[in-house]
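To keep things clear, I will list the structure first and then write my remarks on it.
What's counted below: heavy atoms across the whole structure, side chains too, no hydrogens, waters or symmetry copies. All of these numbers come straight from a predicted model, not from anything done at the bench. Just so we're on the same page: letters track the sequence lines, and every chain starts at 1.
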Number of protein chains: 2
Amino acid sequence: MAPNPAAARGQETRQRLLDAAVALVPELGWGGVTTRVVAERAGVAPGVVHYHFASVTDLLIAAGTGFSGGVLDQMAGELTARADIGEGVDWLLGELACYSGVDPASLLMVEMFLASTRLPGLRERLGGQIAGFRSRVASWLAERGYQGDAEVAAAMLAAAVDGIMLHRALDPGLDIAALAGPLRAMFGLDR
Amino acid sequence: MAPNPAAARGQETRQRLLDAAVALVPELGWGGVTTRVVAERAGVAPGVVHYHFASVTDLLIAAGTGFSGGVLDQMAGELTARADIGEGVDWLLGELACYSGVDPASLLMVEMFLASTRLPGLRERLGGQIAGFRSRVASWLAERGYQGDAEVAAAMLAAAVDGIMLHRALDPGLDIAALAGPLRAMFGLDR
DNA sequence: GATCGCCTTGGGCATATGCCCAAATCATAC
DNA sequence: GTATGATTTGGGCATATGCCCAAGGCGATC
């Protein structure tokens with residue numbers, strides 16, 4: 001089976017559709033991304049969408065989980081590379097400062113949370129990714145000598161991160177750096 | 001100006017539309033609520049929607065902010081009635097246990113967060129309500145002897161609550177009670 | 001009974017949507 | 001040159017959408 005060059009081009013336009021979807025969901029909302037809009041953004045004819053994907057929803061799920069998987073994997077990798085918990089929390093808050101709460105990445109994540117309540121397929125995939133993230137963070141916490149249930153602390157940390165993201169969307173003036181105090185206290189630091 | 005009875009009936013059907021919208025947004029998503037669906041749920045003809053509201057979006061904003069205002073007001077009232085911070089945090093977690101994360105109230109709140117990024121009018125109103133909630137909680141924290149910046153702690157608490165809500169939607173097995181440990185630690189309790 | 005205000009009805013218009021499909025395209029293999 | 005295999009095209013269909021509007025109640029006032 002020779003590596004068909006037409007097939008290769010096909011994979012590339014498929015990727016362009018995925019990229020377009022990732023960009024459009026934050027702009028228009030999960031339900032606002034339509035066949036024609038995503039095709040136009042990707043620079044292809046409308047029919048291509050249903051050639052590469054069974055439905056618009058399928059495209060959105062593939063695009064969303066592809067994005068979230070990458071983000072969570074990289075974030076877990078960088079966090080667990082920190083030498084101690086305090087340093088990790090500080091790094092995490094630094095990262096959060098880059099996310100305004102109304103940036104595309106944050107919005108896409110929240111859109112996926114919501115859509116997953118109506119799409120079992122998405123829910124299963126995203127839930128698995130988050131569980132993986134939590135377990136990696138929990139191992140890191142335990143290795144770095146966290147006193148208490150590391151699984152619970154990791155869940156609380158992940159929830160806090162997303163909560164902060166959510167609230168920054170409404171109040172851009174929220175001072176991220178200041179939140180370090182309570183967050184560090186949560187892990188028994190600064191005593 | 002006599003209290004016109006026809007006008008009174010009008011206000012009642014207007015309220016039925018608001019109630020229907022509050023029920024439908026969690027079921028179908030913000031963008032999934034259409035003129036005809038909300039009219040049918042309210043038991044009125046489709047035309048009524050655009051008689052009482054300038055647009056479907058207007059209806060959704062009015063319904064959403066009406067709901068969130070009530071929830072936040074009541075929650076702030078009950079929380080700040082607690083005698084000390086530890087008791088308040090425990091009560092809050094108890095409340096959260098009632099919200100599954102996929103219950104209508106939680107979903108409506110998150111839908112509003114997202115929609116507010118695309119609707120300045122909604123954003124302004126919802127942002128104001130959250131700010132009010134935070135300032136009430138901050139006063140309560142300060143009065144109860146919280147050591148540190150009460151405004152920051154209130155913001156972190158509110159964010160944590162919403163983050164927990166978000167994560168429960170994906171992982172119903174998340175043990176709320178266990179989160180009390182890190183949360184209490186955040187306020188310097190249990191030392 | 002006639003008049004007046006407000007609410008309600010149900011249909012209609014222009015537009016947008018998801019998905020489909022016969023025909024066109026195009027680089028390669030023969 | 002022609003056949004092959006895929007991708008791509010652009011239009012089309014049935015349906016759904018937001019918003020509008022002329023006509024119809026319906027109770028209160030005269």
More than 12 heavy atoms of other groups within 6.0 Å of A/E95 CD: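 Yes.
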Could you tell me whether the side chain of A/W140 and the main chain of A/R82 form a donor-acceptor pair under 3.5 Å?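 Yes; at least one donor-acceptor contact below 3.5 Å.
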Between A/Q15 and A/Q11, is there a side-chain donor-acceptor contact under 3.5 Å, judged purely by atom types and distance?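 No, no side-chain donor-acceptor pair sits under 3.5 Å.
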Nearest whole angstrom, please: distance from the [atom2] of [N] to the [atom1] of [X].
| X | N | atom1 | atom2 | value |
| --- | --- | --- | --- | --- |
| A/D58 | C/dC20 | CG | P | 12 Å |
| A/E40 | D/dT9 | CD | P | 13 Å |
| B/L17 | C/dT8 | CG | C1' | 12 Å |
| B/R16 | C/dT8 | CZ | C1' | 12 Å |
| B/E12 | C/dC6 | CD | P | 19 Å |

With a 4.5 Å limit on heavy-atom distance, are the side chains of B/D90 and B/R184 in contact?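 SC-SC contact between B/D90 and B/R184 confirmed.
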Could you tell me how the ring of B/H167 sits relative to the ring of A/F113: parallel (under 30°), tilted (30 to 60°) or perpendicular (over 60°)?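 Ring orientation, 0 to 90° scale: tilted.
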Per-nt protein contacts along nucleotides 9-19 of chain C (heavy atom under 4.0 Å; B base, S backbone sugar-phosphate only, - none) come out as BB-B----BBB
Pick one: which of A/Q129, A/R134, A/R136 meets side-chain contact (heavy atoms from CB on, under 4.5 Å) with A/L72?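 With A/L72 as partner, side-chain contact (heavy atoms from CB on, under 4.5 Å) holds for just one option, A/Q129.
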